Amino acid sequence: NPTFLYPHFSIFSKMLTIVRYGEIALKGQNRIIFENQLVGNIRVQTGANVIRRWNRIYVDIDRDKLSLLKNVFGIVSYSPCIEAELSYESIQDAIMKLGLDGYDHINKFRITCQRLEKNLDTSIEIEKKLGGFVIDNFGWKVSLKDYDVNISVEISNKAYIFTEKVEGVGGLPVGCSGNVGVKLDNDKSLLCAFLLMKRGCDIIPTEGSNDKLIQKIQRFAPYNLKDAFGREYIAVSSSRTMDDFNESDNAVGKNTTLTLTPIIGMDEGEIKQRVMAIIK
């Protein structure tokens with residue numbers, strides 16, 4: 001299915017965006033701690049206004065900063081949306097504001113409704129009524145599998161209408177798993193830092209770190225990495241793989257500090273591919 005990249009929102013200087021998280025929802029009684037960390041990180045990394053309700057995070061963000069959400073660990077996906085009142089008239093008006101009539105290649109569509117709160121009608125009834133509205137106004141055909149656009153509606157205390165889910169980096173919010181020292185001196189160490197941050201760790205650059213590599217990973221951090229020099233850490237990162245252990249001097253065994261090896265199971269091809277995804 002096509003990615004529209006939201007040109008129809010170009011008239012808005014700010015964009016209301018639904019942010020979804022995955023693993024955080026499994027944290028039980030500690031969930032609120034992880035949610036608060038994620039909310040704080042979004043505010044720091046984007047400068048946006050953040051609201052949490054109905055197991056969702058809503059971000060009121062400047063349009064030109066929307067892509068910064070891709071750099072926030074803990075976000076599984078996000079969707080710029082239009083907020084509407086809980087009435088069919090208001091939701092239908094929001095659908096028209098999506099600007100989908102500007103795409104000549106759309107011939108088939110589907111409506112997907114999720115009710116976070118049991119308001120309005122049932123999900124199936126909402127989908128049928130809105131589907132009829134789209135057919136009457138656009139002349140498209142319904143296709144639940146082979147569709148050109150999926151118009152999604154989330155129902156809570158308001159209705160939120162969107163057509164896309166943009167993939168995030170996932171993982172856990174940085175700042176919820178302790179400090180780890182990383183000597184950022186090559187691409188392998190850069191990947192190690194990325195993976196440790198994805199597990200919620202604060203990365204502390206150690207002596208010998210390269211400024212250019214620090215800058216490459218900075219966009220994923222909700223704090224200034226250069227200012228973190230000298231902070232204490234509970235573990236250190238090693239960029240060794242299984243191939244490196246053939247020439248090992250058992251340095252890990254001699255080190256009294258906990259040593260983490262995030263890329264130990266990766267081969268050179270996977271490492272190169274994942275590094276390129278980070279620095280692109």
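Because the structure is a prediction, the values reported are computed rather than measured.
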Can you tell me if Leu144 has over 12 outside heavy atoms packed within less than 6.0 Å of its CG? no

Test: salt bridge (Lys or Arg N to Asp or Glu O under 4.0 Å). Region: residues 201-215. Which pairs qualify, not counting sequence neighbours? none

Distance in Å, Ser209 OG paired with Phe229 CZ, rounded so as to fall on 0.5 Å steps: 4.5 Å

Side-chain donor/acceptor of Trp140 to backbone N/O of Ile106, under 3.5 Å: yes

Does Leu172 share a hydrophobic cluster with Ile234, counting links as ILVMFWY side-chain heavy atoms below 4.5 Å and allowing steps through other members? no

Are the side chain of Arg199 and the backbone N or O of Ser177 linked by a donor-acceptor pair below 3.5 Å? no

CG (Leu86) and CG (Asn119) are apart, to the nearest 0.5 Å, by 5.5 Å

Go through Ser77 and Arg20 one step at a time and tell me if the side-chain hydrogen bond (donor to acceptor under 3.5 Å, both in side chains) criterion holds. CA-CA 5 Å; Ser77 68; Arg20 305 174 190 85; 3.1 Å; yes

Side-chain donor or acceptor of Gln218 paired with backbone N/O of Leu225 under 3.5 Å: yes

What is the ring orientation for Phe194 with Phe220, classed by angle as parallel under 30°, tilted 30 to 60°, or perpendicular over 60°? perpendicular

Report the distance from atom CG of Asn71 to atom CE of Met197, rounding to the nearest 0.5 Å. 9.5 Å

Give a yes or no on whether the backbone of Lys188 and the side-chain of Ser239 come within a donor-acceptor separation of less than 3.5 Å. no

Using atom types as modelled and distance alone, determine if a side-chain donor or acceptor of Ser123 lies under 3.5 Å from a backbone N or O of Gln114. no

Could you tell me whether Glu35 and Arg31 make a salt bridge, using a distance below 4.0 angstrom between a side-chain N and a carboxylate O? yes

Closer than 3.5 angstrom, by distance alone: can the side chain of Arg115 be matched with the main-chain N or O of Asp121 as a donor-acceptor pair? yes

So that I know where these two stand, are Phe34 and Tyr21 an aromatic pair - ring centroids less than 6.0 Å apart? no

Sidechain-backbone polar pair: Asp93 side chain, Glu89 backbone, donor-acceptor under 3.5 Å: no

Is a side-chain donor or acceptor of Gln37 paired with a backbone partner of Val174 at a separation under 3.5 angstrom? yes

Please identify which of these residues, Asp60, Asp64, Asp62, meets the salt bridge (Lys or Arg N to Asp or Glu O under 4.0 Å) condition with Lys14. Asp62

Exactly one of Leu100, Thr163, Val149, Asp148 should register a side-chain contact (heavy atoms from CB on, under 4.5 Å) with Phe109. Which one does? Val149

Grouping I, L, V, M, F, W and Y whenever their side-chain heavy atoms are under 4.5 Å apart, do Val180 and Val169 come out in a common cluster? yes

Picking from Leu130, Leu120, Ile91, Ile126, what satisfies side-chain contact (heavy atoms from CB on, under 4.5 Å) with Cys113? Ile126

